[in-house]
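So the structure is just underneath, and the comments pick up after that.
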Amino acid sequence: VTVAQPSTAVRVVANAQLPAVRRHLRRRTRLAAVGFILPVLVFLAVFFVYPIIRSVVLSTQDWRFASFVTGEAPFVGLQNYVTVLTDPIFATVAWHTVVFTVVSLAGQFVLGLALAMFFTRRFPLSATFRSLILLPWLLPIIVSATVWRWMFNQDFGIVNAALGTQIGWLSDPRYALWAVIIANIWLGIPFNMVLLHGGLQGIPESLYEAAALDGAGPWRKFRSITWPLLRPVTAVTLLLGLVYTIKVFDIIWVMTGGGPVNSSHTLATWSYQLSFEDQHELGLGSAAGQLLVVVALVFGLIYIRAQRKEALS
Amino acid sequence: MRARGARRWLDFTVGLVLCAALLFPLYWMVNVSLTQPQDLLSTPPHLFPANPTFAGYAHALDTQLPNLVTSVVIGVGAVVLTLAIALPAAYGMAKLRAPGTGVVMFLFLLAQMIPGIVLVMALFAIYNSLGLLNSYAGLILADSTASVPLAVIVLRAFMTQIPDELLEAATIDGAGRVRSFVSIVVPLSRNAIVTSALFAFLFAWADFLNARSLTTGNSIVPFTLGLYRFIGAQTTDWNSVMATAVLASVPATVLLLIAQRYVAAGVTAGAVKD
């Protein structure tokens, strides 16, 4: 990206008058600056800060379908939290969330890293292949979810045809969670590959050459050079991936709707169902949602720290 | 030399196979969209559309075209709103050293971490009081919550590189800050503006959560919601469903083809940059 340089004449004039101009600028700049960032401040306040506060307030209210019409939602204190935490489904849903998140992250990371390492090699069309692999990441998730839903179809799906099985991927409670995990891993590979590929590019080629001279094989090079030097990027990728994965909604909702019999519900889809299905119990849904917020923020703050460290190194 | 050449072609072949394997679901989408409805219910499934039909596309356009138009309207609205908010903000932060810049950037980082489902519950309650449910404005505003942070990050990083002398020279020539912004900063930031606009459009285009939650009934149906209802109806008409999915994939595919380098930049913007 090139930015036009000011001509020499302009610069001479600018230098001569600089002190005066700077003083003049500084006085009025603060005020003008506020004017320029005012819209984004208002937007932040109205669409982030206020909704976050409002969702905490909602979690202490008995907001259900009737409130939709009357606008009235009585304060119930921590009752919603008690209801959510003592719901027999809660433990199941929390466990699903852990399984979904950990297995998705592990799968995306391992496959993303393998691809990123492969694509550091130089061969014809390498860059083109790499950007084509980004395509699934760019498509609307509902499109991918629709395709996976049909591929996992018990009777006519390609997955069962290829495996020679008759598994009810989306209709059998034993498999539904695994089906959405597989689709979610597929969705997350491009993101992991791009971040890790960027990290790999930062490792100097000369280290590998020196290791090769010392007789190091591929595994030794990976263990002693790639893995330790990639660690900061690994940390950032996994933490950000975790923050993104615990809130995954679309893919599960469209593929299974959390079913059958809650077998693929995570905290995200379950709290959404409480809020937007049946009785529209926004209070209960928000209470369950706050648990997600807490987890997201804890790991989010760890991520910000890890990222600062990486930027400094 | 020959061994190296052979290695390059081996790598090429492996790369091709990996790429094909990862994109298989997308091939399958196109394949099914072209398959005759009666062939869809055969086992094993047909791997190629030997006897292709475009009836699925005809039906998809028939039923989903208004929804695609709705999505375009919302996407364009989100682009305009995002740029209107993010451009001046990025200028204020990058060039005028606006007070509170650090706080705003930190809030953006946090905002990207708050689960969308939690925000949308609050937005539902807020919109319900304000009468913003079932409105284009409501959806455009909600969709922009995803694109404004990214746009500010991308634009600010870019504008920081514009030399200060350039703006000081303009001030000496009598240009005010608004004038400098409009005639110097905005034109110079074209690339970053294109990136931000692309992502604002893609985010709004792909949005399902807001569409599903902040609308009721049939007054406003973006294609994501249309597709969801289509498959929810336990349809057997999967070639029309897939034809709709293919049509919905067109903008993302076109954007990837014409703007490859911007896309990779956007993926990493939220994660690696400031």
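Every chain is numbered from 1, with letters handed out A, B, ... down the list of sequences. Bear in mind that the values here come from a model prediction, so they are computed numbers and not experimental data.
Within the 4.5 angstrom heavy-atom criterion, no atom of B:L87 approaches chain A. For A:R122, the part lying near chain B is the backbone, with the side chain staying farther off; criterion is any non-hydrogen pair under 4.5 Å. When heavy atoms are compared at a cutoff of 4.5 Å, A:H197 does not approach chain B at all. Proximity to chain A (any heavy atom under 4.5 Å) is shown, for B:T244, by neither the backbone nor the side chain. The parts of B:M113 that come within reach of chain A are both its backbone and its side chain, each placing non-hydrogen atoms under 4.5 angstrom from that chain. Neither the backbone nor the side chain of B:L10 comes within contact range of chain A, judged by heavy atoms closer than 4.5 Å. With a threshold of 4.5 angstrom between heavy atoms, B:L47 approaches chain A through side-chain atoms but not through N, CA, C or O. Contact annotation for B:V120: both backbone and side-chain heavy atoms come within less than 4.5 Å of a heavy atom of chain A. Looking at B:P149, only its side chain comes within 4.5 Å of chain A, counting heavy atoms on both sides. Using a 4.5 Å cut-off between heavy atoms, B:F181 contacts chain A through its side chain alone, with no backbone atom that close. Residue contact with chain B, scored on non-hydrogen atoms closer than 4.5 Å, is absent for A:Q61. For chain B, no part of A:L111 is nearby; none of its heavy atoms comes within less than 4.5 Å. For A:D155, the part sitting under 4.5 Å from any heavy atom of chain B is the backbone (N, CA, C, O) and nothing else. At a 4.5 Å heavy-atom cutoff, B:V103 makes no contact with chain A through either its backbone or its side chain. In this structure, the portions of A:I158 lying under 4.5 Å from any heavy atom of chain B include both its backbone and its side chain. Both the backbone and the side chain of A:L132 come within contact range of chain B, each with at least one heavy atom under 4.5 Å from a heavy atom of that chain. At a 4.5 Å heavy-atom cutoff, the contact between B:Y127 and chain A is made by side-chain atoms alone. The parts of B:D11 that come within reach of chain A are both its backbone and its side chain, each placing non-hydrogen atoms under 4.5 angstrom from that chain.
Of the residues considered (B:V148, B:L202, B:L141), B:L141 shows the highest number of contacts with chain A, using heavy-atom pairs under 4.5 Å. Listed options B:L110, B:V178, B:L40 were ranked by heavy-atom pairs under 4.5 angstrom with chain A; first place goes to B:L40. Interface check for chain B: of the options A:V243, A:I189, A:I133, A:L282, the most heavy-atom pairs under 4.5 Å are formed by A:L282. Between chain B and the options A:L135, A:V49, A:L58, heavy-atom pairs under 4.5 Å are most frequent for A:L135. Looking only at heavy-atom pairs under 4.5 Å with chain B, the residue among A:F129, A:F119, A:W63 that has the most is A:F129. By number of non-hydrogen pairs under 4.5 angstrom with chain B, the leading residue of A:Y272, A:F276, A:W148, A:W150 is A:W150. The residue among B:G100, B:S144, B:S129 with the most heavy atom pairs within less than 4.5 Å of chain A is B:S144. Contact count against chain A (heavy-atom pairs under 4.5 Å) is highest for B:A89 among B:A89, B:A248, B:A84. Taking chain A as the reference chain and counting heavy-atom pairs below 4.5 Å, the highest number among B:S249, B:P115, B:A90, B:A20 is found for B:P115. Ranked by heavy-atom pairs shorter than 4.5 Å toward chain B, the options A:V248, A:T269, A:L115 are led by A:L115. Heavy-atom pairs under 4.5 Å with chain B were tallied for A:S275, A:P124, A:S144; the largest tally goes to A:P124. Contact tally against chain A (heavy-atom pairs below 4.5 Å) for B:A86, B:P44, B:S42, B:A252: the top residue is B:A252.
Note that NZ of B:K95 is 6.5 Å distant from CZ of B:R97, once rounded to the nearest 0.5 Å. Atom-to-atom distance recorded for A:T146:OG1 and A:L139:CG is 11.0 Å, nearest 0.5 angstrom. Within the model, atoms CG of B:L188 and CD of B:Q161 stand 11.5 Å from one another, a figure rounded to the nearest 0.5 Å. Once rounded to the nearest 0.5 Å, the distance linking OH of A:Y50 with CD1 of B:I126 reads 4.5 Å. The distance from the OG1 atom of A:T266 to the CD1 atom of A:I251 is 12.0 Å, given to the nearest 0.5 Å.
Under the 30°/60° scheme for interplanar angles, the aromatic rings of A:F123 and A:F118 are found to be tilted. Using cut-offs of 30° and 60° on the angle between ring planes, the pair B:W205 and B:F223 is tilted.
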query = Yes or no on side-chain contact (heavy atoms from CB on, under 4.5 Å) for B:I231 and B:W238, after CA distance, side-chain angles and deciding distance?
reply = CA-CA 8 Å; B:I231 54 176; B:W238 277 89; 3.8 Å; yes

Mind running side-chain contact (heavy atoms from CB on, under 4.5 Å) on B:R7 and A:R121 for me, showing each step along the way?
CA-CA 10 Å; B:R7 161 95 187 262; A:R121 300 183 179 195; 3.4 Å; yes

Review point. Taking it one step at a time, do A:W186 and A:I182 satisfy side-chain contact (heavy atoms from CB on, under 4.5 Å)?
Key: CA-CA 6 Å; A:W186 179 76; A:I182 290 168; 5.8 Å; no

Between A:W253 and A:Q273, is the side-chain contact (heavy atoms from CB on, under 4.5 Å) condition met? List the steps. CA-CA 9 Å; A:W253 193 259; A:Q273 178 167 298; 4.1 Å; yes

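In this structure, A:S59 and A:V56 approach most closely via the heavy-atom pair OG-O, 2.6 Å. Across every non-hydrogen atom of A:F249 and B:L209, the tightest pair is CE2-CD1, 3.5 Å. Across B:R177 and B:Y91, no two heavy atoms sit closer than the pair O-OH, 3.6 Å. In plain terms, the two heavy atoms of B:A211 and B:D207 that are nearest each other are N-OD2, 3.0 Å. Contact between A:T237 and A:F191 at its shortest, heavy atoms only, is O-CE2, 4.5 Å. The heavy-atom pair separating B:P25 from B:A21 by the smallest distance is CD-O, 4.1 Å.
For the ring-ring contact (aromatic ring centres under 6.0 Å, His included) test, residues two or more places apart in sequence or in another chain that qualify with B:F208 are B:Y228. Scored by the side chain to side chain contact (heavy atoms under 4.5 Å, CB included) test, B:L119 finds A:F48, A:P51, A:I52, B:I114 as partners (sequence neighbours excluded).
Looking only at distances, no side-chain donor or acceptor of A:Q166 sits under 3.5 Å from a matching main-chain atom of A:N160.
Using a 4.5 Å heavy-atom cut-off against chain B, the contacting residues of residues 40-47 of chain A are A:V40, A:L41, A:F43, A:L44, A:F47.
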Donor-acceptor pairs are to be reported for all side-chain atoms of residues 288-300 of chain A against protein atoms at under 3.5 Å, with residues two or more places apart or in another chain.
{"from": "A:Q290", "atom 1": "NE2", "to": "A:S55", "atom 2": "O", "distance (Å)": "3.3"}
{"from": "A:Q290", "atom 1": "NE2", "to": "A:S55", "atom 2": "OG", "distance (Å)": "2.9"}
{"from": "A:Q290", "atom 1": "NE2", "to": "A:S286", "atom 2": "O", "distance (Å)": "3.3"}

